[in-house]
Amino acid sequence: MIQPEDEAWMREAIAIARSKGSDPSTSPLGCVIVLDGRMIAGERNQTQELPDATAHAEMMAIRRGCENSGDMELRGATLYSTLQPCGMCTMASIWAKVGRVVYGAGRHDVHQMYFEARHVDTLDFVAEAYRDDISIEGGCLRAECAELYYPPDADLSEEEQANL
C-alpha cells in the first residue's frame with residue numbers, strides 16, 4: 001500500500017530523473033533509497049555516460065546506498081524508482097535485501113522500448129523469488145512519472161528505440 005511519505009520520496013526521484021534532461025530517448029530514470037526516514041542514495045540512469053549497460057538508476061542507487069551505509073544489505077530500506085524496475089534491477093534489490101520497492105510508471109504506461117522484448121513481470125519475479133520479505137508496489141505518482149518517457153502509442157523508428 002502506498003504510504004503518505006511515498007509521494008514525497010517519489011518527487012525526489014522525479015527531480016533526479018529530470019536532472020538528465022527532458023528528452024525521453026535518454027531514458028531519464030530516477031531512483032532514491034530511503035532508510036530510517038533519510039535518503040541514503042539518489043541516482044539517475046547513467047548507461048550512456050559511463051558507458052555501462054548495468055548503470056541503471058536503481059543499480060547505481062543500490063551501489064551508493066551500500067557505500068553510504070557501509071553495508072551490502074539494505075534491510076528495511078525502500079527503493080523508489082520512477083519506472084517499474086527491470087529484471088536486473090529487481091534481482092539486485094532482492095540480493096541487496098531491500099525491504100520495499102515503490103515505482104511510479106509501469107510497463108503499460110510507457111513505450112515498450114523501455115522494457116525487455118520478452119515480458120518479465122517484476123511483480124511475478126518477486127513473488128517467485130526465494131525471499132518473501134520484500135514487497136513491490138506500483139503506481140506512485142504514475143502520471144507524473146509516465147510524463148518522463150515516450151507514451152505507449154508513440155510512433156518511433158527502430159533507430160530511436162533504445163532497447164532493441
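Worth saying up front: this structure is predicted, and the values here are computed from it rather than measured.
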To the nearest 0.5 Å, what is the distance between CD (Glu58) and CD (Gln84)?
10.5 Å
In terms of hydrophobic clusters joined by side-chain contacts under 4.5 Å, are Met72 and Met88 together?
no
Smallest heavy-atom separation, Ser81 atom then Leu83 atom, equals OG-O, 2.9 Å
Is it true that atom CG of Asp155 has more than 12 heavy atoms of other residues, nucleotides or ligands lying nearer than 6.0 Å?
no
Measure the shortest side-chain to side-chain distance between Cys31 and Glu43 over non-hydrogen atoms and say whether it is less than 4.5 angstrom.
no
Could you check whether any side-chain heavy atom of Ser27 comes within less than 4.5 Å of a side-chain heavy atom of Thr47, counting everything from C-beta outward?
no
Rounded to the nearest 0.5 Å, what separation is found between the CD1 atom of Ile16 and the CG atom of Asn45?
12.5 Å
If hydrophobic residues (ILVMFWY) are linked whenever their side-chain heavy atoms come closer than 4.5 Å, directly or via other members, who joins Met60 in its cluster?
Leu50
Euclidean distance, Arg75 CZ relative to Ile134 CD1, rounded to 0.5 Å
10.5 Å
For residues 14-40, which residue pairs qualify under salt bridge (Lys or Arg N to Asp or Glu O under 4.0 Å), counting only residues two or more places apart or in two chains?
Lys20-Glu49
Which side-chain N or O atoms in residues 144-152 pair as donor and acceptor under 3.5 Å with protein atoms at least two apart or in another chain?
| residue | atom | partner | partner atom | Å |
| --- | --- | --- | --- | --- |
| Glu144 | OE1 | Arg11 | NH1 | 2.8 |
| Glu144 | OE2 | Arg11 | NH1 | 3.1 |
| Tyr149 | OH | Pro28 | O | 3.2 |
| Tyr149 | OH | Thr82 | OG1 | 2.5 |

Ile94 and Val102: same hydrophobic cluster, using ILVMFWY side-chain contacts below 4.5 Å?
no
Say whether Trp9 and Tyr103 are linked into one hydrophobic cluster, either directly or through other cluster members, by side-chain heavy-atom distances under 4.5 angstrom.
no
Value for CZ (Arg63) from CG (Asn68), rounded to nearest 0.5 Å, stands at 14.0 Å
The reported gap from CE in Met39 to OH in Tyr80 (rounded to nearest 0.5 angstrom) is 12.0 Å
Heavy-atom closest pair (Ile62 atom, Ala96 atom, distance to 0.1 Å) is CG2-CB, 3.9 Å
Check the surroundings of atom CD in Gln48: do more than 12 heavy atoms from other residues, nucleotides or ligands lie under 6.0 Å from it?
no
Please answer: with hydrophobic residues joined when any side-chain heavy atoms are less than 4.5 Å apart, are Leu74 and Leu79 in the same cluster?
yes
How long is the gap from CG on Asp6 to CD on Glu137, to the nearest 0.5 Å?
7.0 Å
Hydrophobic cluster identity match, Val32 and Ile2, side-chain contacts under 4.5 Å:
yes
